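For reference, the structure discussed in these notes is given below.
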Amino acid sequence: MKYEHCSIEKKWQDAWEKAGVFHAKNDYTKPKFYALVEFPYPSGAGLHVGHPRSYTALDIVARKKRMQGYNVLYPMGWDAFGLPAENYAIKNHVHPEQITRQNIHHFKEQLTSLGLSFDWEREVATIDPGYYKWTQWIFLQMFKRGLAYKASMPVNWCTSCKCVLANEEVVNGVCERCGAPVVRKEKSQWMLGITQYAGRLVDDLEELDFIERVKAQQTNWIGRSQGLEVDFQMSTGDTMTVYTTRGDTLYGVSYLVLSPEHPILKEWKDKIGNWAEVEAYQQAAARKSDFERSELNKDKTGVLLAGIRAVNPANGASVPVFISDYVLMGYGTGAVMGVPGHDQRDWDFATKFGLPIIQVVRGGDVTKEAYAAKEDGIMVNSGFLDGMTVKEAIPAMKEYAVKAGFGKLKTNFKLRDWVFSRQRYWGEPIPLVYCEKCGWVPVPEDQLPLRLPEVKSYEPTDNGESPLAKCTDWINTVCPHCGCPARRETDTMPQWAGSSWYFLRYCDPKNERALASKEALDYWLPVDWYNGGMEHTTLHLLYSRFWYKFLYDAGVVPTKEPYQKRTSHGMILGLNPHSFDNLSPEEQEKLVKEQGSEAAARAALVEKYGEMATHPIVKMSKSLGNVVNPDDIVEEYGADTMRLYEMFLGDFEKTAPWDPKAIKGCRRFLERVWNLSEKLVKGESYSSANESAIHKAIKKVGEDADNLKANTAIATMMGLLNQLEKNGCNQAEFQTFLTILNPFAPHITEELNQQLGGRSMLAETAWPQFDESKTVDALAEIAVQVNGKVRSVITIASDADEEAIRSAALADGKIQAALKGMQIIKSIVIKKKIVNFVVKPQEIA
RNA sequence: GCCGGUGUGGCGGAACAGGCAGACGCCCGGGACUUAAAAUCCCGUGAUGGCAACAUCGUACCGGUUCGAUCCCGGUCACCGGCACCA
């Protein structure tokens, strides 16, 4: 028989579904394991080869855990609200739901064809009213606790999506989603008070098993700094508070500088001698985008506030006051003290405006640049701080400032509150009503879900209103509180809303009375292992931790943190067909001949295709024609081959290029497994000399599967197969081999197991045990070195003692030759590993 | 600039409680089978020298610790990712 992957894979996918082997049990007495992958946005493009990398990795973990007797929850769903479907709907005049449902159907077929062991009974979609009822419910709980509030403020406005964005959605001044420029716009928006959780979101990372770069990135993004607020007496009679993390440099202050948006300026209007100039600067600053203010304008500008002076509370010195757009209103107090000797920005500003530069930490040359003092720098010109190190001076000044009454300790965060409204149609309606008398009033919980109304046009508007604003029948309602006429909120929630809690719904997806039952949440949470993309670190991952912590405080969920372990897969890239390195040898030769040299050939490619041609490995893109469609791979090689290759192509956490040739190696492996099985069926192969190799493989494959090292697990099984082919094997050994291969290549292993007379599915077979004593070979090969260089290898019983090993080494012919005329000074013997003789030439008597 | 990560054959990558560097696979070369090709199977494959046994050199670079370093320590360089006028 031939290995026909198509029929075999279909057969077993149907069999698993029929038997329901992947359904999580509602038996809360069993040990549980909750494995989670990020649910996809069901785009029209269908599955990308990147998706299965994550899904297969945790599928292997989930399948193995099931075989080990765990009650495993490995669910899948759809993050189904979102702009692409809405934009498609606008263009083609179909309802976004219709196109989204089609895409979901297609995605599900694709996922099923990969043999992923998702529990489809627990499938969820964020667009189901039965689901978004609870998204709305959570929002209302936040509203009731003051965590959702409406504020008018400058927001990020995407000029193409015609919609506001959260700070996390703006990347290098452009929209994270569509790449269009983002501008500032003053708008009234619903906000979520994530900053109230900033401290906990940093601190609680510590006890979690998250990969380092995720922790670092979140910590960075939250950006906690602990410093001091210092009050300066002003000539205007009031005080100005500045924030600093470097109180130790207070003696080095030569000016103060405020943000041009600082509200106190208005109050000082009459006292400022050059108000017209100040006002002109304010207006110029307001016109600049954030991007211009930060990226393009490192050159310092500003205006002196004529007639205003400030008094340094440390030494009584009077210093001038400026406004400059290098100071941000949104951080700290919107005012900073200028210490040009030790801060490069202040140095640039002071140099431009001819302000004094006072050195307060010894070292560097402050006439040339600011000296960024290290912790062990010594304070000078700083009164009572003189002679201290910077490290000592920081707390000393804090203590002094607090005692003297001009300072107080302050912690600041870079994290901003979450802008939560979107002016689009295809999102969850915000369940609030505005009443002239009562203000914002929640839609009563028994009226949830508040459904999206049908509209004629999904087009976003230029004036910044949601498409729902045109839907007058829906908007006009009565106040649930007083019964007066009232209007509904027309903005919708961002896509991140539904994905902030979806993993809770999987625990109990059909519950109509709660987002999930208490028992289910208590049993399944926290998620034991969550894998997802790095691009979600400061978006989805941070947002969902915040929602979860809120629900913890509200008594809904049982733990402080939602995810015990977080890993991240590297992206799958493609080969660049325009790179010299990826040309065939013939093409390379031809091009070199044409251009004269390899360097010239490379230059010609860059000339033709741009700088891109210097990168042999690039993101897959339609324009390069290097996009790989998973369906094609499944059809040609089969899902098992696809799974193996996705896992074998490199270190899971690193980016890796898809090599269309290398996948053949995985297919060959499975064909050899198939052929060996055929031999066994015919009774042509037998032997049992493989015991130790089998036990080693069970151990190694098991450990690797638990540690996201499927690549080496597969290499181990390839090595084992090489041995089984060479030695021959018996049926029991082979079936053990099939069992450990099953989580990786589930279809072919089920089929062969059945052909060999296996009565139950491997998916329901126990993961084999290994015997530690049998993983040890009776004989060990030991390298023998002389002065650190390997001169020979001896084979000796593994349990030989040091003396026996030494004697055996000394008896070896090659070693005797190497030791001739040498005197052994020292010998190192490490059992089962190595012998090293340290020698020097023998002294001649 | 700050934070995190990574540098190993022609390629993807193994090996890190310090102990034979290059597992496994791809590519490539040779052979078997075939009328032939594909597929399959066997052999070889870090570099240099040698018919060979073998020798020397090799884990980005410089230095240190050690009997012994891809691994630990100090410094340098390059690349990737994140943040960035956050005081």
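Computed from a prediction, not measured in an experiment: that's the story for all the values here. Throughout, a chain's letter reflects where its sequence line sits, starting with A, and its residues are numbered from 1.
- The A:Val838 side chain lies nearest to B:C67 when the options are B:C67, B:A87, B:C41.
- Look at A:Asp659 and A:Lys661 and you find no salt bridge, because none of the NZ, NE, NH1 or NH2 atoms lies under 4.0 Å from a carboxylate O.
- For A:Tyr331 and B:A87, the shortest distance from a side-chain N or O to OP1 or OP2 is below 4.0 Å.
- With rounding to whole Å, A:Ile796 atom CD1 is found 17 Å from B:C20 atom P.
- Of the side-chain N and O atoms in A:Asn722, one or more sit less than 4.0 angstrom from OP1 or OP2 of B:G25.
- Within 4.0 Å of A:Asp346, counting heavy atoms only, lies no atom of the nucleic acid at all.
- Using a 4.0 Å heavy-atom criterion, one finds that A:Ala715 contacts the bases of the nucleic acid, with or without backbone contacts as well.
- B:C83 atom P lies 10 Å from atom CD of A:Glu168, rounded to whole Å.
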Nucleotide N/O to protein N/O under 3.5 Å, stretch nucleotides 56-58 of chain B:
{"residue": "B:C57", "atom": "OP2", "partner": "A:Lys789", "partner atom": "NZ", "Å": "3.2"}

>> What does the B/S/- profile of nucleotides 11-19 of chain B look like, 5' to 3', with a 4.0 Å heavy-atom cutoff to protein?
In response: -BSS----B
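- In this structure, A:Arg791 has no salt bridge (Lys or Arg N to Asp or Glu O under 4.0 Å) partners at least two apart in sequence or on a different chain.
- A:Ser225 comes within 4.0 angstrom of the backbone, heavy atoms only, and of no base.
- Atom C1' of nucleotide B:G4 and atom CE of A:Met534 are separated by 8 Å, given to the nearest angstrom.
- With sequence neighbours excluded, the residues forming a ring-ring contact (aromatic ring centres under 6.0 Å, His included) with A:Phe322 are A:Tyr255, A:Phe349, A:Phe353, listed by chain and number.
- A salt bridge does not link A:Glu703 with A:Lys700: none of the charged nitrogens is closer than 4.0 Å to a carboxylate oxygen.
- Helical stems in RNA chain B, defined as runs of 3 or more consecutive Watson-Crick or G-U wobble pairs with both donor-acceptor distances under 3.5 Å, are listed by first residue as B:1-7 with B:77-83, B:10-12 with B:24-26, B:28-32 with B:40-44, B:46-49 with B:54-57, B:60-64 with B:72-76.
- Among the heavy atoms of the strands, none lies under 4.0 Å from A:Lys832.
- Rounded to an integer number of Å, the gap from CG of A:Leu644 to P of B:C24 is 17 Å.
- Among residue pairs with one or both ends in residues 711-720 of chain A, those qualifying as side chain to side chain donor-acceptor pair (under 3.5 Å) are A:Asp704-A:Thr712; sequence neighbours excluded.
- Distance A:Leu573 CG to B:C80 P: 13 Å, rounded to the nearest Å.
- We find that NZ of A:Lys661 is positioned 7 Å from P of B:C27, with the value rounded to whole Å.
- Judged as a salt bridge (Lys or Arg N to Asp or Glu O under 4.0 Å), and not counting sequence neighbours, A:Asp209 has no contacts.
- No contact: A:Gln344 has no heavy atom under 4.0 Å from any strand.
- For A:Tyr251, there are no side chain to side chain donor-acceptor pair (under 3.5 Å) partners, not counting sequence neighbours.
- Residues passing the side chain to side chain donor-acceptor pair (under 3.5 Å) test with A:Thr195 are A:Asp417, sequence neighbours excluded.
- Within the structure, side chain to side chain donor-acceptor pair (under 3.5 Å) contacts touching residues 662-677 of chain A (residues at least two apart or in different chains) are A:His5-A:Arg667, A:Arg667-A:Glu671, A:Arg672-A:Asn722, A:Arg672-A:Glu725.
- Whole-Å rounding puts the A:Arg416 CZ to B:A84 P distance at 12 Å.
- Considering only side-chain atoms of A:Arg668, the nucleotide from B:C26, B:C20, B:A23 that sits closest is B:C26.
- Looking at A:Glu206 and A:Lys215, no side-chain N of the basic residue comes within less than 4.0 Å of a carboxylate O on the acidic one, giving no salt bridge.
- Listed by first and then second residue, the side chain to side chain donor-acceptor pair (under 3.5 Å) pairs involving residues 642-657 of chain A are A:Asp59-A:Arg643 (not counting sequence neighbours).
- For A:Asn787, there are no side chain to side chain donor-acceptor pair (under 3.5 Å) partners, not counting sequence neighbours.
- Side-chain atoms of A:Gln217 stay outside donor-acceptor range of the base of B:C83, with no qualifying N/O pair under 3.5 Å.
- Rounding to whole angstrom units, CD1 of residue A:Ile394 and C1' of B:A87 are separated by 13 Å.
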